[in-house]
Every structure is written in C-alpha cells, then in structure tokens.
There are 2 protein chains.
Amino acid sequence: MSLSERELTLESSHGDILAAAAELFMDRGYAATSLDEVARSLGATKGRIYHHFPSKSVLFAEVFRHGMAMNYAAIEPHRHLAGSPTMRWRRMAFAHVMQMITTKPFQMAVWMGVEMHLRGATTPEQRTVFNELIQYRKDYGDLFRSVIIDGREKGEFDFEDVSVTNQLMFMTLNSPIFWYRPKTGETKANREDLARKVVVCALRGLGGKE
Amino acid sequence: MSLSERELTLESSHGDILAAAAELFMDRGYAATSLDEVARSLGATKGRIYHHFPSKSVLFAEVFRHGMAMNYAAIEPHRHLAGSPTMRWRRMAFAHVMQMITTKPFQMAVWMGVEMHLRGATTPEQRTVFNELIQYRKDYGDLFRSVIIDGREKGEFDFEDVSVTNQLMFMTLNSPIFWYRPKTGETKANREDLARKVVVCALRGLGGKE
DNA sequence: AGATGAACATACTACCGGGTATGTTGTCAA
DNA sequence: TTGACAACATACCCGGTAGTATGTTCATCT
C-alpha cells in the first residue's frame, strides 16, 4: 500500500490519461466511451493511450485501482484510532464521503467496475485482473464492516442483518457520486457540511446515536 | 394513468420484447446491449423489434415508461390513506421497495434512464421523449417528497435538508436493484422481510420513530 | 377465392470503434 | 555526431451494430 506521492497525485502523462479516462467513463459509461474521445479530450490521439495501456479494459482497471488506492489512503489515518467504534466509524465514513465528492470520476469507475463484475460483463482474460480489484474493494468494505460489527457488540449500534445493513450503509455513503454536483463558489466547508449530512443519515441507519 | 391490465402484465408480443430488452439492458447496460441480442433472447430477429419499435432509444424509453407505470400503480392504493404521514410513508415505501425487487430489470432501466439524462448522454431528438419520462419520474419522487415534508411539519420526522434527505432516502429504497438476487427456494415472505429491513433503515434516516 | 395487411424473417449498407502497424520527433548517452 | 529509445502521431484493418429495404407467411375480410 506504499504508493508514491506521484502515483497519488497523477503528475505524469500516465496520470493525465487516467484522469481524462475517468472523466469520460463517468460521463458516458464504459461501453459508450471511445478511446478516440479520451485522446481528443487530452488534445492527443489514440497512439498516446496505447503507448501507456495495452487495452481499453486495462485502462479502466487502472482507473479503478487508482480510485481504490486513494480511498485506502484517505481512511488510513482513522482506522486505528483509539476511542469508541462510533467515533472511528464517523471518521472513516466522513473521509470516505469526502473521497466520493472530491474524486468522483474515479469513484464512479470503481462503482461501475463492481457492477460489471456482478453482472459478469467481463471477458475471461479481464477476470484475472478484475478479481484482484474486486477483492481489493471487498477488503476495503470489510474495514467498515468490522467496525460496525464491533459497534453493535458494544451496544453502540443497533441493527438486524449485517450484510443488508452494510449494503445500505455503503449505498448511502457512496451516493454522492450520483447526485453531487459542485456549485459555483462552493467552499470546502460546504462540501464538508454536505458530507456530514450524509454521514449522519448513514449513522442513523446503523441505529447509532448522534 | 389508466393503463389496461394487458399493458401492465405485458401479455403481448410488444410486451415480450419490452421484458426481454429490460433484462438485457440490466445485464449489459444500454450501450453494450445490441438489438440482435435482444432478438436472439426471444428466439427471433431484429425485424420483429423494428416492427414494434422505431429505434433502440425508443425501445429503451418504453421500458422506462413501463417501469414507472408499474411503480405508480403499486403505490396508488396507499397514497391517499388516512393516518399519520409515517404510516402513509411506510406503506408507500414498502410498496416501492417490493417493486424494486419484483420488477428489477425495469427499475434498473429507470435508473439508467435517469442517469443518462443527468449525464446529458442523449441526442436532441431523444430529449423530447426523455424529458417527459424524467418529469414522470420526478412527479413520482415528489409524491414521497411531500409526504416526508408533511411528516416533518407534524414532528414525526427529523432532518435538516429536504433535498439531500430525499436523495438519500431514494438511494436506500432503490438500492435492491443493485444488490438483490433471488435465492433458490425463496418465498414471498422472505422478500417482504427484506423489503421491511430496507424500509426501516430508510425510516431511520428520516429521523422517524419505528 | 382473392386481396390485403399485420407480423415477422432475410439480406444488406454504412459507420463506428478497438486494436495494430508503421512513421515521426525529441532527447540523451556514448 | 550518431544511434537508440521513449513518446507519441498517422494510417489502416476489421468485427460488430443501428438502421433499412425487401421478401415471406398467415389470418381475416369481402
């Protein structure tokens, strides 16, 4: 998990392509996005993309991977904090939601990647690299899962079914990728307030106390 | 809103195509679904589809429309019930979630249609028919919106932002279209229990009392 | 019986998009 | 200076797909 600063901030041609691809995958979906469009949005041609990535599916997979890497980096500082499960969960959830808002194109790709895997819309060759990414994403989800289980055991949370609750919680926390739009003149405080509302709603769903 | 029984149950060739198309749109997404595949899943050819629908986008729009029509029909019995907003909301929400589960392919198409519209992934000609459908969907959403506003005024619900809360509520209520899979030997009671859990979680998000 | 049209199937076209093969330019090391 | 390689651009191939134009069958009406 030791990604260099360069890899996280994408200061490279490789990274420029990832960012442009993420944007278009978000806007048009995977299938409807052509590599010509991605290249054109960079003021380049397909040759540039194929110089860095062997195929469209690998390009998408790298967008997926980068999105997940940023998520891990975002919640890492809060994972091992002392304090109640509720407090740990709140910090992690808040960081997660802020990620959904600030790196939306990449998070959209993560979502689409999971969807494509669930629908089996992958060729056998893609499966290998995809399985690893799905596992990557699953491990991330389990970080939250164990916290809410811990919280329930300590009586801080109250819910019936762990799987269903976890699904619903992530739906809420992820939802900004679908409906969030940056407003003109929006400040960081605005975004944080929005994220707080989302976290509060998800916390209620867990049966937690505010 | 007076749809014939035939239109709601799809006992026609027209309806068979709608159902098959909905299934494939769900499995592969709009862009990745070819009309040849839809036809093949029916044991037919493209000629049959183009005899009933003028284009792929119109076929998709009709799937969308049919999904929404079923939703309206499902919550109609509960809309004007006497009783508390909480009770009215619970009935409507439960009916809605059951719709998500039982008519998943169509509801997935509705979701995709809204997404496509938000992303502007529509041609100018599609816009006309699409705008009407989006309005159709918006009106449906407003039925819930007015109930939760009513509930808040009567002190039964407790939340800050109406728009954000409505978004998050629908995310929760709609989420089964993404993660629900029918189990073998599953009964109607199983599905209803699942729907109940989803409704409870959404109700908590509204700050309502169980 | 013959005409007519609905409900398809068949055959075809035009185009788009992933992938490839090859050319071009700048840079840097020996 | 030159050769070698990275980092692209250009030109092309080819499979797939939306849409069309044209047959074919069968039921129904007169």
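Heavy-atom basis, side chains included; hydrogens, waters and symmetry copies ignored. Lettering follows sequence order; numbering is per chain, from 1. Quick caveat, the model's predicted, so the values are computed rather than measured.
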**Length of the CG-P vector between D36(A) and dC16(C), whole Å** = 11 Å
**Atom-pair distance (NE2 on H51(A); P on dT10(D)), nearest Å** = 16 Å
**Request:** Assign S34(A) to base, sugar-phosphate, or nothing according to its heavy-atom contacts below 4.0 angstrom with the strands shown.
**Result:** sugar-phosphate
**Asked** Should the pair F157(A) and W89(A) be assigned to parallel (<30°), tilted (30 to 60°) or perpendicular (>60°) ring geometry?
**Response** perpendicular
**Prompt:** Under 6.0 Å from the six-membered ring centre of F170(B) and within 45° of its axis: does the NZ or CZ of R137(B) meet both?
**Reply:** yes
**Fill in**
Rounded to whole Å, the CG-C1' distance (D16(B) to dC8(C)) equals 14 Å
**Asked** How close or far is atom C1' of dT24(C) from atom CZ of R48(A), stated in whole angstroms?
**Response** 17 Å
**Item:** Length of the line joining L42(B):CG and dA9(C):C1', which is rounded to integer Å
**Value:** 14 Å
**Asked** Taking OP1 and OP2 of dC8(C), is either one under 4.0 Å from a side-chain nitrogen or oxygen of H52(B)?
**Response** yes
Every protein N/O lying under 3.5 Å from an N/O of nucleotides 24-28 of chain D:
none

**Complete:** In whole angstroms, the gap separating P of dG16(D) from CZ of R40(B) amounts to 11 Å
Check nucleotides 19-23 of chain C for protein N or O atoms closer than 3.5 Å to its own N or O atoms and list the pairs.
from, atom 1, to, atom 2, distance (Å)
dG19(C), OP2, Y50(A), OH, 3.0
dG19(C), OP2, K56(A), N, 3.0
dG19(C), N7, K46(A), NZ, 3.1
dG19(C), O6, K46(A), NZ, 2.6

**Item:** Donor-acceptor under 3.5 Å (Y72(A) side chain, Y140(A) main chain)
**Value:** yes
**Presence of S13(A) side-chain N/O under 4.0 Å of dC8(D) phosphate oxygens OP1/OP2** = yes
**Item:** Aromatic ring pairing H117(B)/F130(B), orientation class (parallel under 30°, perpendicular over 60°, tilted between)
**Value:** parallel
**Complete:** Closest non-hydrogen contact found for R119(A) with D27(B) is NE-O, 3.2 Å
**Message:** Could you tell me if D139(B) and Q135(B) have a donor-acceptor pair between their side chains, going purely by distance under 3.5 Å?
**Reply:** yes
**Upstream residue (5' side of DNA chain C) when G43(B) and A31(A) are each assigned their closest nucleotide** = G43(B)
**Request:** Please check if atom CZ in R152(A) has more than 12 non-hydrogen atoms from other residues, nucleotides or ligands closer than 6.0 Å.
**Result:** yes
**Message:** Are more than 12 heavy atoms, taken from residues, nucleotides or ligands other than R28(B), located less than 6.0 Å from that residue's CZ atom?
**Reply:** no
**Fill in**
Sorted by chain and residue number, the ring pair (Phe, Tyr, Trp, His ring centres under 6.0 Å) partners of F159(B) (sequence neighbours excluded) come out as none
**Asked** L59(A) CG to dG18(C) P: how many Å, rounded?
**Response** 10 Å
**Request:** To the nearest Å, give me how far apart NE2 (H14(B)) and P (dA7(C)) are.
**Result:** 11 Å
